[in-house]
Structure formats: C-alpha cells, structure tokens
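Presented below is the structure to which this report refers.
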Amino acid sequence: MPMNDMSESVSPAGVLPMLILRVLHSGSLHGYAIAQRIHVLSSEVLAVEEGLLYPTLQKMLRKGWVSAEWGISETNRKVRFYHLTPTGRAQLASELSGYGRVTQAIQEILRTA
Amino acid sequence: MSEFLRRIYYLLHRRRLDAELEADMEFHREMAARSGDASFGNTLRLREQAHEAWGWTWLEHLLQDLRFGARLLFRSPGFTLMAVLVLAIGIGVNVSAFSFFDMVALKPLPVSDADRIVRLERSSATNHASEMAYPSFLFYRDHARTLSAAMATLGVPPMQIDDDLQPTSASFFTPNFFTELGAHAAVGRLFSPARDTGPAAPPSVVLSYGLWQRRFAGDPDLVGRVIHIDGKPATVVGVTPFDFASLGGQGPDLWMPIDQQPYFVARSTILQDWTTSSVRMWGKLAPGVSPAQAEQEFRALTDTLRRQHPEAVWPGEYIQSSPGGHLQVMQPQVYRVAVMVGILALLILIVACANLGGLMLARAVSRQPEITLRIAIGAGRGRIFRQLCTESLLLAALGASVGLALACAANRVILARTNAPHWLSATPDWRILLFAIFMTFAATLFFGLIPALQIARQRQHKTVARQILVGAQIAASSILLIVAALLLHAALHALYTDPGFGYQQLISVDSRLGQHGYTAAASRAYLDQMQARLRALPGVTSVSLVKLPPLGHTVSFSNVEIHGRSITIYPNWVASDFFLTMGIPIRLGRTFLPAEQHVVIVSESFARQQWPGQNPIGQLLGNGPTKDMVIGVAGDAHINALSNDDAIEQYWAAQPSDMPDMVVLVRAAGEPGSLAPSIKSISQSLDAAVLPEIRQLKLLYHDNVNQVELTAAAVSLVGLVAVSLAAIGILGLVAFAVTQRTKEIAIRIALGARPLAVLSAVLRQFRWPVIFGLIAGTILAAFGSRLLRAALYGVDNLDPLSYATAIATLVVIVCVAMLIPAARTLRLDLARILHYE
C-alpha cells in the first residue's frame, strides 16, 4: 500500500466499519481493494492498516453486515470478495445518519464556540 | 442467522476460515509488495487479532489450560491420586448427606399428583397433634372444597396372623388411599372406594409385598384365601406392588379398610369418638388451589366444627398443612437435624480442602522455575492465575466424580441394609448432580484460590498462606472431634446409666380396652381380674397399672421453664403399687391411695429444681384453681425419655375414668419371656375378643440403646476420617517446610546447634496456627453444639470431659504428625546434604 508521511491512519476505530460499508455499497471488493479504495477516495489522506482492516472485517462478518465469497482477482488469483448483506445495508444507513448528526453538531460547536 | 449462530459456525469451521483469512492476507501482501510497499505486519499476529474478533479466545485458553493441567496431573500421578482421594472423601461425604436429604425431603414420591398432596394436622398456640378424631376427618372431608380428595390412615399396634408367635404390623386406611396414589396391585386388587366402603363390605385385607414373600413364599394363589387377623377371618384381596410408595413413610404389612376397623378390633368405638385423636389426615389439593387457600378454608371449617362439637376442638385450634408428597413430612426438628448433618459434612470438606491447599502450595515451590519462566516470556499474572485455577477445577472435577461414585456406592449399601422403601434408589438425580457440580466449584474456591493467588504473585515461600491452611484444618477438625466426643459420651451415658427403673424383669400388657368398647366400670372389672390372676402366677412378684407404659407407643410431655432452665415434664397416671412394681424408690413421703385426688408425686430432680433446699412434701403444684399437693418424691425414672437427664416426671393417681386406657405392668422374678404364654391364656379366658400386646421392656430398651450406639459410631467414624485427613495434611506440610530448609538445618547442626533447638525453630511457624485453630474450633463447637442438645441425652453440650478428650486427641495427633517428618530430617546425613547443596 503506498504509504507516505502525509497519510493519516483511520481513527477513531469506530469510523472504519462505516467506511468499509460505504465502499462495499457500490460493489463487492477483496480486502486489499477495500484498503485501496478508502485510500484513493480520501485523496490519499487516509490509510487503512492491515492490523485494523482484517479484525474489523472479521467483526463485521460476525455481526452479519458483510459476507465473503470466493472470486478471482484482477491478478487472476483466487481471493475472497466481501459484499454487503441486507443487514449491512441497514447498518450503513443508520451509521450514516448518526454520523451526519454528530459531525453537524461538532461543526456547530466549532463555528459558534 | 443470528450472531450467536454465526459465532458457533465460526467455531466449528475455524480451521478452514482461518486458512481463508491467511490466503486473504497473503494476497494483500503480494499486492502491496507489487505497488512498492513491503511494510505488511506480522501475519501471525494479525491473524490472531482477526481471530480474537470472534470472541472465542476464552474458550481456547480454557482448552489450552485444561490440556496443560491434565498433562501436569498425569505427570505426577502420586500427587494426583492423593489429591483426588482427599477431595473424593470431602465431596463424597457432602454428596452422600445431600442425597439423603434429597430422598427424604426433595424427591417427589412416585405417586400421582405428588405435588398436590398435603398432610393436615391439628395445631394451636399450645398444642400440636399429628392425629385427629375420625369424625372430625369425615367432617373436613365432606365439607372441604379446596381438596379434591381426603385420605385417612389409622395406625394400630401389631396384630396376629393365624397362630403366629410374632405379631405383624397393621394399619387401617380409607379405601381411596390406593386409588388416589395411583397404585396397582402386584397380584389381586387393592382397595377401591366402590368395593370397600362401609362396614357391610366383606372383611378384606391387602398384604405388603414383603409379607407376601416372607410369610406366604410369594404364593400366587393366596388371593381369595381367608386368613385370621387377631382371630377374625378376612379374605386376602391383593398384594401391594414391590416398590409401593406410601405417604409419610407408612408401610405396614397388613392393610385393612378403615370402615372394617370395628370388625377387626371387636366393639371398638373409635370411629365414632370425637375426642380421641386417632387418624392421620392427608389431602389432595384441588387443581390450582394453594396450600394457603386450603388452610384458609379449613379455619372456617374448624370454627363451624367448634360450634357443633365443642369437645372436639381445642381453643384456638387450626389445621396446619405441610407438603406431603415426599418421603417424610418435614417438621422443624427434622430440618434442624439436616442443618446439623450439613454443617458436619461441610467441616469435612473444609478439612479436605485445607489439606489439599497445603499440598498445592508445597507443589508450587517446585513449580517455581516454570512459573518464573512463563512470566519472563510475557504471561500476565491474570493469565497464570487463571491457568492455576483451571488446574484446580480439573482436580476438583476429578475428585467430585470419584466422590459422587463413592457416595452412590455408600448410599446403595445403606439403602440395602436398612428397610428403606424399594422405590428409593441411590442413582443420583439432577438435584444431586447439580449439587456435585456446585461442590466442585466450592471446593476449587476453598483449596485452589489461596495457592493460586500466592503463586501468581510469586510469593510461594511466604508462610502466611500455609499458616492459614493449618489453622483452618485444626479448627474444623477440632469441631468435628468435639462433636464426636460429645455424642460418644452421650451414647456411653445412655448405655451405662441406670434408667431409674428395673426394666430387665418387666412386661407390659396392653389390652387397649378403650378401643374394644369397654366402659370404665367394665375395664375396671377386667383389669382387677387380670391383676388378681397374674399375682397368683408363680414367678410374678408384683403387678400394677400405668396409663403411659415405659417405652410405649404414646409419649406425652410438656415443656416448662423452672428458674430460667427449660425442662421437659413427662406426666403419668398410675396405680398405688406402680413404684414398687417398676422398682422406682420413694425417696420421701408416700405413694397414692387408690384413686386419690388432688395429690401428685414428683421426681427427685423436679423437687430439687422447683423447691431447692425446701421440703417438697405439702407443696402445691398446678396453674389452675385447684392445686395438687405433693405427697411423695420418687426417684428419677426416665420412663419415656431414656437417659434424658433433662426429663422430669410427675405422677397422678389413676382415676376410675382412666381405666379403659390402663396398661398392666408385671414384674417377673426370673426370665420375663417365660410368662408370655400364661398371660396370653389369662387374657383369652377373660375376653377372647381382646388380644393384648405383650412387650418385654428389656428388648425395647436394647433397641433404643442400639440406635444411640449406631449414631455415635457413625459420627465417630466421620470424626476419625476428618482427623486422619488433618494428620496427613499436617504431616505433608511439615515435611515440606523441613525439606525447604534442609540446608539451613544442616548448617546449623554442623555449626553445633542442638537438634532440639533447630527442630523448634523449624516448627515455630506452626505454633500459632495450631493454637488459634484449637481456640477457634473450641469456641465454634461450644456455640454450635447447642443445636445438638436434644441428641445428647442430658450430657451437657459444654461437657468438659468431652472437650478435653477431643482436644487432647487432636494435639497428640498433630504433634506426632509434626515430629515424624522433622525427626527424619535430623537423622539425615549432614555431610551429604551440604556437599549436594
């Protein structure tokens, strides 16, 4: 993963599942692609560490938000693709609205305080 | 699919899923490397982290710990065997005790609707009776809406089958007894309300399975045959099943319908008598009715009954219900016994656990390198502690399994040896298994916690824990030994104390004239003739009458307080020459004149306690308006409370109205048994319908003493087990303490210290724990033994002799247990030890 000193690792940890859910919303991806997509979409600001990515994916599998299926990678390798389940979709919606409310509140404070 | 199911799925497929995750990461690393980044972290570590996300780590640690613990135990078979044995004894005793409690009080009887069966008894603030009058029973049965059925049982003295010498136990039952319990006959039929109600039904009898086998050799053609019971012909209609479960543990050999009682006991009027409490009442609650609702209804019914038959109801009487669907109807005093047994059993567990805790500590020292290494390579204290606890739990589980097996085997033997009902089995039910599991955890806590804490904190060499364990063992053992000594003393006291009357030569002849419809005058004539003819027999030295015969079926007593001390008064009604016949000396004053009124004779100890230092003769006694004057003081004779030094007696002269209840007492010059045939023929010639019960007091006395001996033997055995456990434990601890300091001892001796001084230096650490343990144990025993009061037959629960014996025994055992290993060290080859070190 291209890491430069300008990349921030994703934190706090609670945000990562939401980002993963969001990038999977547009289609199934394998682990490396998830990390890549987040990195690229954040204009290379955010980097997802493997140490956080895989335990988080496991947790999401446990909660039933995503499920994994075998597929073939662009490099012609057999690899697991993660995709959203209906529960995951619902979870994304609720996290997004929750996140929206919280950031709005924070913005409010930052602007007026 | 819920989250839990997904977790289970993961657990079951974790190898494959783990491999898949590894493949994911491998791919990730390849791709990253391709784009010029080789900083992928430690795959193994990442995999572990991802793995933990599933939340099964605890289980894996547990399995790891269990495997490790099992390997350790397997590698030191000597320790394992010892520990499992000690635990098996400790837990086994508890499981066994609980099994009996379970059988008696918890296990439902295998009868229909056991949970709805209640026992109904008369009660008031001052009185309690297990029995009620039969007409009262009928009244309640006919009016109670909260009961779906009511059953009554009438116990009677043993009856004679045909020409048997030995009488057979017998009872009368309402015919619905068997149908309500859902019992089916082994052969023939049991009673049914349709066929066996009313005095007009043909006389019939049901035999117990045991009697059928014993006396009739299991003859299948017995049904339909006529046998004679107390001389009355009756048809055998059936046999109860082998494993018949009866209520209240009642299991006579002869069962007869209650309506036929006047037929079997000629001219009996007991079924019409409102004032004689004769039958036990059982009820089956209507579905959905609570016992409280039933009691409520019964209060109203009792009030109605009081208006109709004031003579049948006590002031303030109410009917008390208790659960009846168990082997025993639990009364408060039974609970007290259960609590006592439970405490004693727990003490054994404490001794066993303290013992094992000591062993674990000793082992911890030899395991120190291993633990240090594991902490050094990064194991947390908590993880080490958890692993040690798992090991203890494994050990406890092994011990509990063996203990459970031992308890089952022991209970099976006990059940087979006693005449327990056949439906009882020693196979553990879920309550016992649950209890064993609970005991496993309790034991783990007792023996594993202190050592595990110490080891995890790397404090193996501290002596405090060892001292606590020694103290606990000594305290628990001293309580057990003191209790055993008290009970043993009580047994010896019962065995070798003169009961106060010459029981060896006495025979009681109970004709139960009242039950045969005799009036007072007729009874008097019968008894006068009987006495006259008995006096004329050669070999009879004296004859008299008593209402409550020694060691009889009926015991009457009341508790009073004299000068702050609670004592039990046993009243009795006797004829003039009672004291002469019984061999009870008259210490002061005189005996009664026939039917003398308003006078009383009291026992020596009562006179001493009530009027210390005064002349009891002429004193007045009684709470009512008419007081009784003391005319004599008799020697203490615990007629119906053998060897109970707290019991006192008061005697009144038998009045003419007492005659139907009087029992004849005969004193023989020689062997009393030889008089029985003559007594039988006299009674036959007086009234052939009346078969008196003839009992030799000598035999009854021995039965009674045997029971006391048995209890004392059982408790002594338990005490002995505890003391042996404690001795082994202390032996091991001292041996360990000495081994730990072998080098120091060798150097000291080499430098010229006297062996005795060295020895005392090593043993000093045990001095205070032993002393504290003894003091704590003695104080606890002094308080706790008050529970035992009733079982001690008048031996004081603070009896100094018992305490001294117990403590001395324990001290001797502890000293020996300490000196053996210590002395062995002193004999070691000093040069070799120093060389080796």
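At most 12 heavy atoms of other shown residues, nucleotides or ligands fall within 6.0 angstrom of atom CZ in Arg22(A). Other residues, nucleotides and ligands place no more than 12 heavy atoms under 6.0 Å from the CZ atom of Arg15(B). Atom CZ of Phe68(B) has more than 12 heavy atoms from other residues, nucleotides or ligands within 6.0 Å. For His61(B), the NE2 atom is densely surrounded, since the number of other residues' heavy atoms within 6.0 Å is greater than 12. Counted within 6.0 Å of CD on Gln104(A), heavy atoms from surrounding residues, nucleotides or ligands total 12 or fewer; the atom is thus considered open.
Across every non-hydrogen atom of Glu20(B) and Arg80(A), the tightest pair is OE1-NH1, 2.9 Å. Of all heavy-atom pairs spanning Gln58(A) and Leu21(B), the tightest one is NE2-CD1, 3.3 Å.
No side-chain heavy atom of Leu61(A) sits under 4.5 Å from any side-chain heavy atom of Tyr10(B). Between His28(B) and Leu53(A) there is a side-chain heavy-atom pair separated by less than 4.5 Å. No side-chain heavy atom of Asp24(B) sits less than 4.5 Å from a side-chain heavy atom of His30(A).
Proximity to chain B (any heavy atom under 4.5 Å) is restricted, for Tyr82(A), to the side chain, taken from C-beta onward.
Distance alone, capped at 3.5 Å, places no donor-acceptor pair between the Arg62(A) side chain and the Arg7(B) backbone.
The candidate with the highest count of non-hydrogen atom pairs below 4.5 Å against chain B, out of Lys63(A), Lys78(A), Lys59(A), is Lys63(A).
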